[in-house]
J.: 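Would you mind keeping the following structure in view while I ask a few things?
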Amino acid sequence: MKRYLYNYQTILRFSSPVSRHFFRLRCVPCENSCQQLHKQALFVHPSDGVTHETDTWGNPIQYGNRIDPHDSFVFVSIGEADLSPYQLPDKEPTPLFLLPSKLTTATDSMVEIAQAFTQKSALSQACALSTWVYQHMHYQPGSTQSSTTAAEALAQGKGVCQDYAHILLALCRTAHIPARYVNGFMEGEGATHAWVEVYDQSAWWGIDPTNNRQIEWGYIKLSHGRDAEDCPVNRGVFTGTATQTAEIRVIVEEL
Amino acid sequence: MDTLIESRDTVNNWMERFGVRFGVYKNGIFNEQLFPFDAIPRVISKEDWDYLEKGLIQRVDALNEFLYDIYHGKKIMHDGIVPAEFVYASKGYLPECEGITPIHHVYSHISGIDLVQAKDGRWFILEDNLRIPSGASYPMIARTITRKVSPETFQNNAVADNRNYSDLLREMMEYMNDDRGLTVILTPGRYNSAFFEHSYLAEKTGATLAFPGDLIVEKDIVYYTGLWKEKQRVGCIYRRVSDEYMDPLVFEPSSLLGVPNLTQAYKKGNVAVVNALGNGVADDKGIYYFVPKMIKYYLNEEPILNNAPTYLPYFEEDYRYILDHLSSLVIKDVSEAGGYGVIFGRDLTPEKLAELKQLIIDQPRRWIAQEVIDFKDLEILEGNERVERKADLRAFVISGKETKVWKSGLTRFSRNPNSFVVNSSQGGGFKDTWVMEK
């Protein structure tokens with residue numbers, strides 16, 4: 001077991017005051033057999049109260065609202081997480097992680113690619129597909145948006161961690177490997193990160209296609225879903241004509 | 001009845017004054033049109049009705065059991081009655097509703113079940129509408145007007161009064177509300193095709209008509225905010241907004257029609273949502289095939305009402321049959337509604353038929369095929385002449401403390417003599433539906 005400190009903060013600034021602001025966050029790490037929280041705290045400001053619950057995928061969510069006008073919105077999630085090597089036992093995954101989702105529908109060419117890889121186990125096949133994604137994609141911040149699909153990102157050959165994860169998900173599901181999208185923090189990465197979990201031999205294993213590796217240490221998981229739309233770190237709506245800018249910081253350090 | 005028929009124009013004028021309209025979007029442009037009323041009623045005998053009533057209650061009860069099962073134990077899939085891929089691939093299946101138990105376990109509070117009668121008198125179910133079936137207001141208002149212009153018609157004929165639809169609705173909504181607070185009808189607004197109906201039903205049931213923005217969720221409680229920003233707790237929402245627009249923080253993020261964080265209040269049982277979220281999985285055209293099997297599975301009864309003979313390309317045997325008999329079948333795209341995506345094999349040129357065949361081969365899960373039913377045509381007035389046209393019947397089933405069928409329904413007919421599609425979005429008209437008391 002290793003202990004990690006995490007410190008996540010987002011500051012949203014609005015160009016003019018907004019009101020009736022409703023939010024639904026997933027910024028507190030989840031707990032599972034290889035990740036327990038030793039300490040955790042969440043600050044949301046301004047807010048009229050925050051409720052902690054879990055969503056349909058079992059992810060912790062933090063939601064609430066701020067009715068009165070405000071021109072900034074800050075949320076800070078800090079704590080210490082105890083991690084074991086990445087492996088999450090699960091008896092029977094839902095068939096939904098085998099089906100294409102809105103952002104991970106495979107194209108004909110992706111089906112061909114997935115078919116070209118046959119390895120002994122689902123995990124080794126997924127790792128081979130991850131290498132393929134890593135080799136065929138160029139990491140370029142700003143080249144895609146949150147709504148970019150796997151097919152669009154692959155066609156332009158560039159993207160960010162979310163796109164790498166979506167392409168790997170599309171390939172794995174085409175190859176009949178249950179796979180899910182994961183949001184979280186990574187040691188040494190200043191923003192939130194996205195990776196993939198694949199199911200093999202009664203457990204979920206972590207694969208990070210952006211860095212082309214199977215995950216062992218240093219990744220703190222927030223949430224998972226079929227694709228990025230199922231588990232955004234922050235989703236909100238408000239009344240007002242403001243434009244917003246976001247400043248996000250993440251620090252993860254082994255203690 | 002003759003005085004009623006003579007007064008057809010008076011009735012249509014009254015309806016125009018009442019604003020009985022139906023909005024249609026065509027090529028992106030919104031047009032409101034009158035929903036033409038035909039004065040010759042469809043008459044259903046007491047004997048036929050007693051049979052339909054039993055069959056409809058049985059069917060809706062089974063569909064409600066199915067919805068509870070799909071979002072909880074999933075027994076029907078584990079037992080192999082309904083293949084899991086039909087459920088999970090259905091657009092109407094919402095993973096976000098897993099484990100949520102609606103108040104009193106009711107999912108489909110208002111079910112619109114579409115039937116047709118064949119020439120030999122047999123009735124067939126065409127489709128189930130368990131999301132937000134519309135149309136009940138038209139026969140309600142038509143009856144109100146026809147009783148005024150031709151009162152003797154209703155003295156001389158033992159027609160069941162259908163003006164009690166609002167009582168059925170109110171009774172059900174009060175049961176779901178459980179004295180938590182206000183009952184509201186949530187409308188997407190003035191530019192919705194059924195806005196007339198939303199406002200009419202609110203007026204008739206005494207519910208508050210709420211527009212997007214009127215409802216707010218704070219700490220898992222839903223409030224109605226009125227003109228002066230005072231807040232009143234809401235106990236029941238009869239929503240006329242589709243699932244995907246109901247909560248922008250959970251479903252379609254760009255929705256301006258929904259209520260942020262409503263899903264959480266609903267999940268905690270603090271508000272009844274009528275109809276429940278996620279019902280689309282049970283009225284999917286691909287799931288329709290399995291409804292008779294559901295009736296046997298959940299109720300251990302033989303289905304009283306039959307489906308139109310249906311084939312699923314998913315099953316090998318049906319797949320062969322469909323490809324061999326395509327020109328005599330009607331093919332439906334399971335993802336479309338409102339009379340769109342319905343193709344009659346006999347209307348297609350050989351090239352188009354081959355194209356359709358290829359579509360079915362490529363995406364077998366997307367289509368169902370049905371035998372064309374020899375409809376019993378109904379007489380309508382075209383000018384002063386009586387002509388026969390295709391018609392269907394939408395029966396309304398209300399599930400509250402008990403399951404009840406409204407003694408009337410929406411009879412829609414096709415104005416085009418060659419058309420089998422009677423949907424009001426496709427420009428058809430409607431008739432009053434008389435259920436006889438003896």
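So you know, we letter chains A, B, ... as the sequences are listed, proteins then strands, and number each from 1.
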J.: Suppose a student defines contact as a heavy atom less than 4.5 Å from any heavy atom of chain B. Which residues in residues 192-204 of chain A would they list?
T.: none

J.: May I ask you to decide if Ser77(A)'s main-chain N or O and Gln40(A)'s side chain share a donor-acceptor pair within less than 3.5 Å?
T.: no

J.: Checking ring-ring contact (aromatic ring centres under 6.0 Å, His included) against Phe238(A), which of Phe73(A), Phe22(A), Phe14(A), Phe23(A) comes through?
T.: Phe14(A)

J.: Quick check on Ile67(A) against chain B: is it the side chain, the backbone, both or neither that has a heavy atom closer than 4.5 Å?
T.: side chain

J.: Any chance CD1 of Ile361(B) has more than 12 other-residue heavy atoms, nucleotides or ligands included, within less than 6.0 Å?
T.: yes

J.: With Tyr164(A), which residues qualify under side-chain hydrogen bond (donor to acceptor under 3.5 Å, both in side chains), at least two apart?
T.: none

J.: Using the six-membered ring wherever Trp is involved, compare the ring planes of Tyr8(A) and Phe75(A) and label them parallel, tilted or perpendicular (cut-offs 30° and 60°).
T.: tilted

J.: Which answer fits Val87(B), side chain, backbone, both or neither, if we ask what part of it has an atom under 4.5 Å from a heavy atom of chain A?
T.: neither

J.: Just by modelled atom types, is the Thr243(A) backbone N or O under 3.5 Å from a matching donor or acceptor in the Ser15(A) side chain?
T.: yes

J.: Enumerate, by atom name, each donor-acceptor pair separated by under 3.5 Å where one atom lies in chain A and the other in chain B.
T.:
from	atom 1	to	atom 2	distance (Å)
Arg20(A)	NH2	Gly213(B)	O	2.9
Arg24(A)	NH1	Gln264(B)	OE1	2.9
Asp48(A)	O	Lys219(B)	NZ	2.5
Glu53(A)	OE2	Lys268(B)	NZ	3.0
Thr54(A)	O	Lys267(B)	NZ	3.2
Thr56(A)	OG1	Pro95(B)	O	2.6
Tyr63(A)	OH	Asp220(B)	OD1	2.6
Tyr63(A)	OH	Asp220(B)	OD2	3.0
Tyr63(A)	OH	Gln264(B)	NE2	3.4
Gly64(A)	O	Asn261(B)	ND2	3.4
Arg235(A)	NH1	Pro248(B)	O	3.1
Arg235(A)	NH1	Leu249(B)	O	3.2
Arg235(A)	NH1	Phe251(B)	O	2.9

J.: Just wondering, do Ile220(A) and Gln35(A) contact through their side chains at under 4.5 Å, heavy atoms?
T.: yes

J.: Closest heavy-atom contact between Leu249(B) and Val237(A)?
T.: CD2-N, 4.0 Å

J.: Under the side-chain hydrogen bond (donor to acceptor under 3.5 Å, both in side chains) test, which residues partner Ser16(A), sequence neighbours left out?
T.: none

J.: Once rounded to the nearest 0.5 Å, what's the spacing between atom CD1 of Ile237(B) and atom CE of Met176(B)?
T.: 14.0 Å

